[in-house]
There are 2 protein chains.
Amino acid sequence: MKPTLQAVADAVGVSRSTVSNAYSRPDQLSAALRERILDAARQLGYPGPNPTARSLRRGFVGSIGVLFTSQLSYAFTDPFAVRFLTGVSAAAERHGTSMLLVPLPPAQTDARRAVENAAVDGFCVYCVADEEWALDVIRARGLPYVSTAPRDDAGADERYVGIDERAAARGIAAHVAGLGHRRVALLADAVLPDAPAGPLTLDGVHEAWHPTTRGRLTGFADAFGEVGVDWADLTVVNALGNSRQAAAAAVAGLFDGPAPPTAVLAGSDVLALGVLDALAQRPGGANPPVSVTGFDDIPEAAAAGLTTVRQPAEDKGRIAAELLLDPPADAAAGHVLLPTALVVRASTGPVPRS
Amino acid sequence: MKPTLQAVADAVGVSRSTVSNAYSRPDQLSAALRERILDAARQLGYPGPNPTARSLRRGFVGSIGVLFTSQLSYAFTDPFAVRFLTGVSAAAERHGTSMLLVPLPPAQTDARRAVENAAVDGFCVYCVADEEWALDVIRARGLPYVSTAPRDDAGADERYVGIDERAAARGIAAHVAGLGHRRVALLADAVLPDAPAGPLTLDGVHEAWHPTTRGRLTGFADAFGEVGVDWADLTVVNALGNSRQAAAAAVAGLFDGPAPPTAVLAGSDVLALGVLDALAQRPGGANPPVSVTGFDDIPEAAAAGLTTVRQPAEDKGRIAAELLLDPPADAAAGHVLLPTALVVRASTGPVPRS
DNA sequence: TTGAAAGCGTTACCAG
DNA sequence: CTGGTAACGCTTTCAA
């Protein structure tokens with residue numbers, strides 16, 4: 001039998017309250033008595049107040065949940081997600097708060113359960129795909145949260161940290177357009193819930209499933225619209241997953257037609273690297289060269305010479321956690337837009353003469 | 001006021017037990033009644049049973065702790081640690097268990113508190129440095145745990161997953177010795193608790209602080225002993241942290257003497273990369289060339305052409321979590337030694353003619 | 001199939 | 001500074 005606080009109280013001959021105070025409110029008793037109690041506890045092997053009981057009584061847990069709306073084990077393989085976690089952990093560390101990583105089972109009903117059962121004081125929601133259901137559960141629980149996806153219907157009181165997806169996307173697309181590219185493919189993960197890999201027909205950007213994808217595609221379209229390339233002239237390519245393999249599979253055959261795209265704008269660096277993989281695999285290599293851009297500026301992007309949009313990944317995580325842990329008094333301060341930068345490297349160049 | 005289970009019971013006109021059963025034991029009531037209860041709950045905005053209260057009553061939490069005996073935010077920047085986490089998360093995911101990452105405050109007293117307060121059913125202890133105190137707390141709490149460090153005094157019932165540090169180290173050192181190297185430096189992080197960066201005098205391997213370091217240094221010494229190089233002839237170099245910067249700082253000046261080492265065996269890839277950084281920075285570059293080896297085989301090692309020891313990082317995490325989540329009936333199965341492989345790349349070569 | 005009663009181990013309030 | 005008392009919100013026998 002593990003000893004309880006009661007056992008220590010009995011051993012010392014004081015009440016439970018006093019033992020409790022010895023742990024949680026040292027100023028409420030004499031140092032001598034406190035020592036006597038702590039000694040007795042050590043003697044008995046009492047490991048301190050039971051965390052669960054304490055949380056129940058106090059009404060808070062001392063840990064924040066980090067929710068990935070994708071497989072948790074996948075999150076660790078995504079460099080951007082890892083840097084986000086680094087930021088969250090830095091803030092959590094400063095606060096003495098733990099981080100609970102909640103894995104989501106495939107079935108959505110079970111996933112709801114997972115979120116309902118998480119013993120946390122709030123959530124950082126790292127948005128990968130559709131997370132409305134998760135936010136619903138969190139709101140129903142009355143827990144605070146901070147999300148990283150732009151939500152179209154975000155309430156004013158909803159805390160959020162992100163970037164101006166549309167402006168950032170427009171910036172990199174303008175760079176590509178400025179190089180003369182007009183036959184362009186836009187590559188994103190899970191554009192539509194159940195679409196197959198490869199080129200897709202999308203009536204408009206609004207059809208895209210995920211807000212982040214919508215934002216980026218809109219920015220891409222903005223820039224090309226300005227040089228006279230309509231939405232209908234752009235090729236949207238769907239990838240089944242945010243991985244190099246998925247990207248390579250998605251663009252297989254894309255360059256085989258009579259008028260192949262001369263540039264591919266990807267929604268993430270990982271996807272862009274996959275496109276480079278696919279191009280490198282082609283017989284004859286990437287000839288004529290195809291310009292490729294990414295998004296995020298993960299470490300691998302530099303090594304691969306990828307032109308991309310840099311966003312401050314760690315800051316995103318750190319600020320998300322800080323917004324959760326010290327809510328700003330001013331509601332407007334709950335919406336944070338981080339700066340981005342266009343990073344031009346070797347993966348983009350002028351359109352080759354045909 | 002957030003509604004409680006009681007409120008739902010009142011609304012439907014049944015007892016709390018029945019509502020509880022509706023959530024946790026659907027087979028204990030009619031489907032119709034269950035629906036009625038769940039509907040009422042939805043109506044009232046009842047988010048399901050409070051996780052903390054449920055844990056208190058049930059006696060378990062449904063989450064495992066992952067304990068890094070270093071800064072948590074550092075763990076995410078260590079590629080090996082991230083891959084370990086990937087493995088843990090894969091196992092946790094399969095089990096429907098959450099992972100609690102516990103940050104340790106600098107002061108050890110507070111760190112004990114952090115471990116005492118973690119609401120978890122067990123711990124995966126990722127060993128970085130001295131973790132005895134943490135294991136003490138965990139044992140006092142009566143929680144199961146799995147560690148990744150070889151412990152000299154490990155009880156037979158102690159679960160552990162790791163590699164044969166000594167044999168692996170001997171293997172890579174034998175490779176270096178076979179290339180003719182005899183003036184060799186051994187680089188490790190935190191060899192002694194408070195030693196400064198740089199060369200160190202160590203009477204013997206037994207003085208090294210951390211078991212992992214001891215194991216690796218012993219293996220290195222074994223291999224060189226076999227070719228007639230005594231312990232006293234080896235230079236042990238201390239790094240203040242497992243980072244490229246720390247390694248570079250530690251070996252600064254190491255190659256300036258009259259008889260500099262021709263090879264550096266590092267205790268991790270990250271340290272080895274730091275040595276390569278330092279060599280590249282030298283006026284004249286690394287000339288004559290110095291052989292460098294690492295440990296772990298992180299992704300960056302391949303790109304850098306680093307000769308190293310490969311160990312299965314994800315398997316380590318996955319198996320640690322599995323050992324915790326499904327304890328093997330057979331105690332012997334609780335000790336897992338993973339295979340390692342010597343990976344020879346360009347960073348090692350024959351001793352240059354002097 | 002349902003309900004009453006008894007805790008799970010702690011902390012907070014308030015009187016002494 | 002100390003100790004009683006009353007929750008915190010739920011699950012689990014066990015009897016009806």
Side-chain angles (χ1 to χ4, degrees), chain A residues 1-38 40-41 44-62 113 116-121 140-143, chain B residues 1-38 40-41 44-62 113 116-121 140-143:
Chain A
M1 247 339 37
K2 257 175 298 176
T4 65
L5 185 148
Q6 175 76 74
V8 178
D10 291 347
V12 183
V14 296
S15 75
R16 289 191 308 236
S17 327
T18 305
V19 179
S20 174
N21 283 335
Y23 283 95
S24 311
R25 318 174 66 173
D27 51 312
Q28 296 294 300
L29 32 52
S30 63
L33 178 54
R34 183 174 134 93
E35 261 323 307
R36 207 144 61 78
I37 291 174
L38 263 29
L44 292 171
Y46 174 67
N50 176 313
T52 307
R54 184 202 283 256
S55 302
L56 176 60
R57 184 58 240 240
R58 297 225 245 207
F60 70 87
V61 178
R113 275 301 166 82
E116 286 165 354
N117 283 329
V120 297
D121 300 320
R141 287 186 56 181
L143 293 177
Chain B
M1 243 345 30
K2 257 176 297 176
T4 65
L5 185 147
Q6 175 76 73
V8 178
D10 291 347
V12 184
V14 296
S15 75
R16 291 193 309 238
S17 335
T18 305
V19 178
S20 174
N21 284 334
Y23 282 96
S24 311
R25 317 174 66 175
D27 52 313
Q28 296 294 301
L29 33 52
S30 64
L33 178 55
R34 183 174 133 92
E35 262 322 306
R36 207 145 60 80
I37 291 173
L38 263 29
L44 292 172
Y46 175 68
N50 175 312
T52 307
R54 187 203 283 258
S55 301
L56 177 59
R57 184 57 234 241
R58 296 222 238 205
F60 70 88
V61 179
R113 274 301 166 82
E116 286 165 355
N117 284 329
V120 297
D121 300 320
R141 288 187 57 181
L143 292 177

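Naming convention: chains lettered A, B, ... in sequence-line order (proteins, then strands); numbering from 1 in each chain. Keep in mind it's a predicted model, so treat the numbers as computed, not measured.
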Quiz item: How would you list, by chain and number, every residue that makes a side chain to side chain donor-acceptor pair (under 3.5 Å) with Thr18(A), sequence neighbours excluded?
Solution: Ser15(A)
Exercise. Apply side chain to side chain donor-acceptor pair (under 3.5 Å) to Ser20(A) and list each qualifying residue two or more places apart in sequence or on a separate chain.
Key: none
For residues 24-38 of chain A, please give each side-chain donor-acceptor pair under 3.5 Å, one per line with the distance, not counting sequence neighbours.
| residue | atom | partner | partner atom | Å |
| --- | --- | --- | --- | --- |
| Ser30(A) | OG | Leu33(A) | N | 3.2 |
| Arg34(A) | NH1 | Ala22(A) | O | 2.3 |

Please tabulate, for side-chain N and O atoms in residues 48-60 of chain B, each donor-acceptor pair with protein atoms closer than 3.5 Å (sequence neighbours left out).
| residue | atom | partner | partner atom | Å |
| --- | --- | --- | --- | --- |
| Asn50(B) | OD1 | Thr52(B) | N | 2.7 |
| Asn50(B) | OD1 | Ala53(B) | N | 3.0 |
| Ser55(B) | OG | Pro51(B) | O | 2.8 |

Exercise. Look at all strands and tell whether Ser55(B) reaches a base, only sugar-phosphate, or nothing, counting heavy atoms closer than 4.0 Å.
Key: nothing
Quiz item: Which is true for Thr52(B) with a 4.0 Å heavy-atom rule: it touches a base, it touches only sugar-phosphate, or it touches nothing?
Solution: nothing
Quiz item: For Ala41(B), which residues count as a side-chain contact (heavy atoms from CB on, under 4.5 Å) partner, sequence neighbours excluded?
Solution: Val8(B), Tyr23(B), Tyr46(B)
Quiz item: For Ala7(A), what residues pass the side-chain contact (heavy atoms from CB on, under 4.5 Å) criterion, not counting sequence neighbours?
Solution: Pro3(A), Thr4(A)
Value in whole Å for how far the [atom2] atom of [N] lies from [atom1] of [X]:
X         : N       : atom1 : atom2 : result
Gln6(A)   : dT10(C) : CD    : C1'   : 11 Å
Asp27(B)  : dT1(C)  : CG    : C1'   : 11 Å
Phe60(B)  : dC10(D) : CZ    : P     : 16 Å
Glu116(B) : dT10(C) : CD    : P     : 12 Å

Quiz item: With Arg113(B), which residues qualify under salt bridge (Lys or Arg N to Asp or Glu O under 4.0 Å), at least two apart?
Solution: Glu116(B)
Quiz item: At their closest point, which heavy atom of Val61(A) faces which heavy atom of Val120(A), and how far apart are they?
Solution: CG2-N, 4.1 Å
Practice problem: Kindly give the heavy-atom pair with the smallest separation between Gln6(A) and Arg16(A), and that separation in Å. | Solution: OE1-NH1, 3.0 Å
Quiz prompt | Helical bend (five base pairs per end, nearest 10°) for the helix from dT1(C)-dA16(D) to dG16(C)-dC1(D) | solution = 30°
Quiz item: Taking protein heavy atoms under 4.0 Å as touching, what does nucleotides 2-9 of chain D look like 5' to 3' if B marks base contact, S marks sugar-phosphate-only contact and - marks none?
Solution: BBBBBBBB
Under 3.5 Å, which protein N or O atoms sit close to an N or O of nucleotides 14-16 of chain C? Give each pair with its distance.
none

